[in-house]
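Please read these numbers as outputs of a predicted model, since none were measured by experiment. Within every chain, numbering begins at 1; the chains are lettered A, B, ... in the order of the sequence lines, protein sequences first and strands thereafter.
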2 protein chains.
Amino acid sequence: MSVVKKNIEEMILASARRHFSRKGFAGASLQEIAKEAGTTKSMVNYYYRSKEKLFDSIFLSEFRNLFSSIAGVLLEEAPLEKKLEQIVSLDIDKLLGMPGLPVFILSELHRNPEMIFKGMENIPVNRVLTKLEKQIKEESLRGIIRYISARELILNIQAMTIFPFLAKPILTGKLGFTEKSFNSLMQKKKKEVVTMIWNSIKK
Amino acid sequence: MSVVKKNIEEMILASARRHFSRKGFAGASLQEIAKEAGTTKSMVNYYYRSKEKLFDSIFLSEFRNLFSSIAGVLLEEAPLEKKLEQIVSLDIDKLLGMPGLPVFILSELHRNPEMIFKGMENIPVNRVLTKLEKQIKEESLRGIIRYISARELILNIQAMTIFPFLAKPILTGKLGFTEKSFNSLMQKKKKEVVTMIWNSIKK
DNA sequence: GTCTATAGCTGGATAGAC
DNA sequence: GTCTATCCAGCTATAGAC
């Protein structure tokens, strides 16, 4: 009857996303999820059959969200340095919009490592890795960079971009950052991270 | 009557540490904690009064464990580069012995940010920060390094050392690392991280 | 101190009326 | 599809015997 009142199914999904990503699987309850969606537990079970199935659908989409952009960029054709710039900027912008995403994904993965297979079944990890590995070898043969394995390069990039969001409660709680200064720190990091990583591999 | 059978109180604490750090506050149950400690729920409540109090004592000691060494090193007298080497080595060695520590601390902090005040009440954060800030200014005036704020330097160091442990489920699950190759990666990182950070600030 | 028993609640899931 | 009512399992916490 309006745009505001979406159908119940979507309301549940939106509420579940908030609750699961804030409290985790164990900490969230269907009662609260239903309540915030303006309906009842029965409706949740009607649409999603079980807490676990509901969680899975949330986790899956969030997981892909976290890793989709990096996979996309790495599969394009561009010099490594350009790809580096794009990945860092895209990731930081995305995470500024959803700063709780990394800790949600990583903590749930920690408690249930098998979920990684569900999460990554549609991400072409091997294609991304071999393509990147090939590009690194080419550019190192041409004397642009020194060799580093593809997975280590990815790890270093993600460490510098994602970790600040994981440590955010400490930064704002004890290291004097505010919401605003944290955000401008991350804006500054777009350049900083690229420089730091690139300097560590360029010849 | 032996060294193996410690008193119940310690058995409960050890069991609680395992359960909480693997499953988090919400996911762990006093039933299972008691069972693995070879006793009953009643004993847990007898010694620790409530689930929350038991959790707090665990969280507190783990939190201090994570940040004690870095604070210790930063308060010593030594050139910045030496401190950098020590922090990275100490942290990586410690985390290799308890790889689940960072995700436990950070995820619980995410779900309940106020805990940071309990966790840090005995860590002299401000003393550490001002001392480091002073040292950075001195060394940058002497032309050794460029200026970087103390908290940003700490953030960068911790990002490079801690993040691999947070991402470990992905590294071993999808990026081809084994327990062994992960460990030797981290050994290699002791030097790598120091070089990378130092190059990013040295003149 | 250590146990059993149980109170009292909240959780997920299902049955059945409409 | 949507709701109310209800079942049953699991949880924390406490009472009380020994």
Side-chain angles (χ1 to χ4, degrees), chain A residues 1-62 104 107-108 111-112 114-115 118, chain B residues 1-60 62 104 107-108 110-112 114-115 118:
Chain A
M1 206 180 306
S2 66
V3 191
V4 169
K5 183 163 181 82
K6 295 199 175 181
N7 62 50
I8 290 186
E9 195 173 351
E10 288 172 44
M11 294 293 284
I12 291 172
L13 207 64
S15 173
R17 174 165 283 114
R18 284 191 295 275
H19 278 83
F20 280 135
S21 61
R22 277 174 202 159
K23 309 187 180 184
F25 177 78
S29 89
L30 295 188
Q31 312 245 38
E32 289 177 16
I33 290 172
K35 191 176 153 198
E36 203 181 287
T39 182
T40 64
K41 284 187 288 181
S42 307
M43 281 293 93
V44 179
N45 276 305
Y46 173 74
Y47 282 112
Y48 296 97
R49 307 271 308 158
S50 75
K51 185 186 185 184
E52 195 153 358
K53 287 194 172 64
L54 174 58
F55 177 82
D56 280 357
S57 69
I58 302 283
F59 182 81
L60 217 76
S61 73
E62 298 289 280
F104 168 62
S107 65
E108 293 300 327
R111 315 238 154 102
N112 186 4
E114 292 79 36
M115 285 191 306
K118 282 184 200 162
Chain B
M1 207 182 298
S2 66
V3 191
V4 169
K5 181 160 179 85
K6 294 200 174 181
N7 62 50
I8 290 184
E9 197 173 350
E10 288 173 43
M11 294 291 286
I12 291 172
L13 208 63
S15 173
R17 176 165 282 114
R18 284 190 295 276
H19 279 82
F20 280 134
S21 61
R22 277 173 201 158
K23 309 186 181 184
F25 177 78
S29 90
L30 295 188
Q31 313 244 40
E32 289 177 14
I33 290 172
K35 192 176 153 198
E36 202 180 287
T39 181
T40 64
K41 286 184 288 181
S42 307
M43 282 292 92
V44 179
N45 276 305
Y46 173 73
Y47 282 112
Y48 296 96
R49 307 275 307 159
S50 74
K51 184 186 185 184
E52 194 152 359
K53 286 195 172 64
L54 174 58
F55 178 83
D56 280 357
S57 68
I58 302 283
F59 182 81
L60 218 75
E62 298 289 281
F104 169 61
S107 64
E108 294 299 327
H110 174 71
R111 314 233 156 105
N112 185 5
E114 293 79 34
M115 287 191 305
K118 284 184 199 163

### Task
Report the C-alpha separation of B/L54 and B/L13 in whole Å, then their side-chain angles, then the decisive distance to 0.1 Å, and conclude whether the side-chain contact (heavy atoms from CB on, under 4.5 Å) test is met.
CA-CA 8 Å; B/L54 174 58; B/L13 208 63; 4.1 Å; yes
### Message
Please determine whether side-chain contact (heavy atoms from CB on, under 4.5 Å) holds for the pair A/I12 and A/M43, giving the CA-CA distance in whole Å, both sets of side-chain angles, and the decisive distance to 0.1 Å.
### Response
CA-CA 9 Å; A/I12 291 172; A/M43 281 293 93; 4.2 Å; yes
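Straight-line distance from the CZ atom of A/R49 to the C1' atom of C/dA13: 10 Å, rounded to whole Å. When the P atom of C/dT14 is taken as reference, atom OH of A/Y48 falls 17 Å away, rounded to whole Å. In this structure, A/K35 places its NZ atom 14 Å from P of C/dG12, rounding to the nearest Å. One interatomic measurement links the two molecules: CD of B/E52 to C1' of D/dA13, which rounds to 14 Å at whole-angstrom precision. For B/K51 and D/dC11, the NZ to P distance is 9 Å, given to the nearest whole Å. Between B/H19 atom NE2 and D/dC11 atom C1' the separation is 14 Å, expressed in whole Å.
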Which protein N or O atoms sit under 3.5 Å from an N or O of nucleotides 3-5 of chain C?
unit_1, atom_1, unit_2, atom_2, d
C/dC3, OP2, B/T39, OG1, 2.6
C/dT4, O4, B/S42, OG, 2.5

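At the heavy-atom level, B/Y47 lies under 4.0 Å from the strands shown only through sugar-phosphate atoms. Counting non-hydrogen atoms under 4.0 angstrom, A/Y46 reaches a base of the nucleic acid.
The pair A/R111-B/E108 meets the salt-bridge criterion, since a charged nitrogen lies less than 4.0 angstrom from a carboxylate oxygen.
Shown here for A/K118 and A/L60, the closest heavy-atom pair between the two residues is O-CD1, 3.5 Å.
For DNA chain C, the residues of residues 25-34 of chain A within the heavy-atom distance limit of 4.0 Å (strictly under) are A/A28, A/S29, A/L30, A/Q31, sorted by number.
Atom-to-atom distance recorded for A/L30:CG and A/H19:NE2 is 10.5 Å, nearest 0.5 angstrom. Note that OG of A/S21 is 9.5 Å distant from CZ of A/F55, once rounded to the nearest 0.5 Å.
Looking at A/K23, its side chain never comes within 3.5 Å of a backbone N or O of A/S29 through a donor-acceptor pair.
Among residues two or more places apart in sequence or in another chain, the ring-ring contact (aromatic ring centres under 6.0 Å, His included) test is passed with B/Y48 by none.
Ring geometry for B/F20 versus B/F25: interplanar angle under 30°, hence parallel rather than tilted (30 to 60°).
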